[in-house]
K.L.:
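Structure incoming, see below.
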Amino acid sequence: MTQLKNDTFLRALLRQPVDYTPVWMMRQAGRYLPEYRATRARAGSFMDLCMNPELACEVTLQPLERFPLDAAILFSDILTIPDAMGLGLYFAEGEGPHFEHPVRSAADVERIAVPDPEDGLRYVMDAVSLIRRELNGRVPLIGFSGSPWTLATYMVEGGSTKNYAFTKGMMYDRPELLHSLLAKVADSVTVYLNAQIARGAQAVMIFDTWGGALTPAKYLEFSLAYMQRVVSGLTREAEGRQVPVVLFTKNGGQWLDRMAETGCDALGVDWTTDLSAARLAVKDKVALQGNLDPCVLYASPERIREEVATVLASYGHGHGHVFNLGHGITPDVNPEHAGAMVAAVHELSPAYHQGV
């Protein structure tokens, strides 16, 4: 494999010395970029775009052509795993993802199996290989998956949800059934991420989008325990260097100390928790990633720069910080404002690493 020209992101995740704070954006390859919208139109649909390795590679690289980002993230979707399990994923216009065959009974759980990533998810693996080749060592490639809890929630609800009626009903009435489903999903996530690493992903991230909807006790039992199961089964070294693992629970600031005990290398932090408080909670055991409010990008470039400075100051001096938004970039953001954020991070962050 080609040697990395810029490994600042990987070193920051491992809390190693860096000259500046690296930056990337969740959903950095997405609808806010006109070139992405053009490629998606060519693909015909979102899933057709995801399932075409050449086009997935193209949109993965698009933001790197615009901005001096410090990492690329695989363009895919978190629902590829349940789709490969035969649940019948489809997207209704204006409604988001749906499954034709939700998982709500013991027979449903029994029927699904851990998918072979090199079979039903081969298109993702081919995209990873192609992106690594096309990056040619420019920056590291991040692979990712949804968390077991988040994926299971989609699978049980049959799509997006606001009140988690079927999933939480199962959690309280039939916890053993939900545990059985979560175990299968966790094993699937582990195999899937390891396959991405084998194909060339140099860091992996687990997105727990809906863990924050749980009570503290239920979060530990039904979300964090299964993320820990995944972390424990991951390949942690490839190509002669460590493969960092990042966990991100949206609205999970109250559990950062427990998340830091899973064996992961870094935690994503959303904008509802100050990085100073997060750093205190994890006692510098893990790196932190975040956490500019995505809505700051609606403001002027001058205000964006000021808010970037606030986030950098909140983390403070020292290594172990990857700058990011607190959640994904929104589709109607002006790309120039994203560029202003990246430029501000690169300009202002070196002062926090000097003499450390």
Side-chain angles (χ1 to χ4, degrees), residues 26-27 77-83 85 87 89 91-92 95-99 102-104 108-109 144-186 188-189 205-231 246-262 264 267-274 277-278 281-282 288-291 293-295 324-330:
M26 289 185 273
R27 294 198 198 124
D77 191 81
I78 65 169
L79 299 181
T80 52
I81 288 176
D83 184 44
M85 289 175 163
L87 270 59
L89 175 65
F91 286 81
E95 295 181 21
H98 294 271
F99 287 114
V103 178
R104 293 179 186 165
D108 292 335
V109 174
F144 74 91
S145 173
S147 73
W149 163 257
T150 294
L151 295 182
T153 300
Y154 272 108
M155 293 164 71
V156 174
E157 297 294 334
S160 296
T161 180
K162 291 184 178 178
N163 57 13
Y164 310 90
F166 293 107
T167 317
K168 287 193 174 183
M170 184 185 293
M171 181 177 72
Y172 288 111
D173 268 343
R174 295 178 292 167
E176 70 292 336
L177 180 59
L178 185 54
H179 278 303
S180 178
L181 172 60
L182 284 164
K184 278 192 176 181
V185 176
S188 301
V189 170
M205 184 163 171
I206 299 170
F207 288 91
D208 187 30
T209 311
W210 287 342
L214 292 166
T215 67
K218 298 304 183 189
Y219 173 77
L220 298 178
E221 181 181 354
F222 289 94
S223 181
L224 190 60
Y226 289 96
M227 285 197 285
Q228 179 151 22
R229 177 170 171 156
V230 173
V231 172
V246 186
L247 302 185
F248 173 64
T249 294
K250 189 182 179 190
N251 297 321
Q254 63 181 308
W255 303 307
L256 291 171
D257 57 338
R258 299 298 295 269
M259 295 172 73
E261 297 171 3
T262 58
C264 68
L267 298 175
V269 183
D270 70 21
W271 69 93
T272 63
T273 300
D274 282 335
V282 303
L288 296 176
Q289 179 175 274
N291 67 339
D293 181 351
C295 290
N324 208 313
L325 300 174
H327 201 242
I329 188 169
T330 44

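Sequence positions, counted from 1, serve as the residue numbers for this chain.
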K.L.:
Is the backbone N or O of M259 less than 3.5 Å from a side-chain atom of T262, with the two atoms forming a donor-acceptor pair by type?
P.N.:
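Indeed, once roles are kept as given, a pair shorter than 3.5 Å links the two residues.
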K.L.:
I want to know whether W149 and Y226 have ring centres closer than 6.0 Å.
P.N.:
no
K.L.:
Can you establish whether the number of heavy atoms outside R229 located under 6.0 Å from its atom CZ is more than 12?
P.N.:
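For R229, atom CZ is crowded (more than 12 foreign heavy atoms under 6.0 Å).
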K.L.:
For a quick check under 3.5 Å, do T150 and T153 share a side-chain donor-acceptor pair by atom type?
P.N.:
no
K.L.:
For the residue pair F222 and H179, categorise the inter-ring angle as parallel (less than 30°), tilted (30 to 60°) or perpendicular (more than 60°).
P.N.:
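If you compare the ring of F222 with that of H179, the planes turn out parallel.
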K.L.:
With a 6.0 Å cut-off on ring centres, are F99 and Y154 close enough?
P.N.:
no
K.L.:
Supply the atom-to-atom distance M155 CE to K184 NZ, rounded to the nearest 0.5 angstrom.
P.N.:
9.0 Å
K.L.:
Are more than 12 heavy atoms, taken from residues, nucleotides or ligands other than F166, located less than 6.0 Å from that residue's CZ atom?
P.N.:
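Incorrect, the count does not exceed 12.
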K.L.:
Can you check whether L247 reaches D208 side chain to side chain, under 4.5 Å on heavy atoms?
P.N.:
no
K.L.:
State, without any angle test, whether Y219 and T249 hold a side-chain donor-acceptor pair at a distance under 3.5 Å.
P.N.:
yes
K.L.:
Apply the test side chain to side chain contact (heavy atoms under 4.5 Å, CB included) to residues M26 and M205: give CA-CA distance (whole Å), side-chain angles for both, the deciding distance (0.1 Å), then the verdict.
P.N.:
CA-CA 11 Å; M26 289 185 273; M205 184 163 171; 4.0 Å; yes
K.L.:
For D108 and V103, indicate whether the former's side chain and the latter's backbone hold a donor-acceptor pair under 3.5 Å.
P.N.:
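No; judged by distance alone, with no hydrogens or angles, the pair does not exist.
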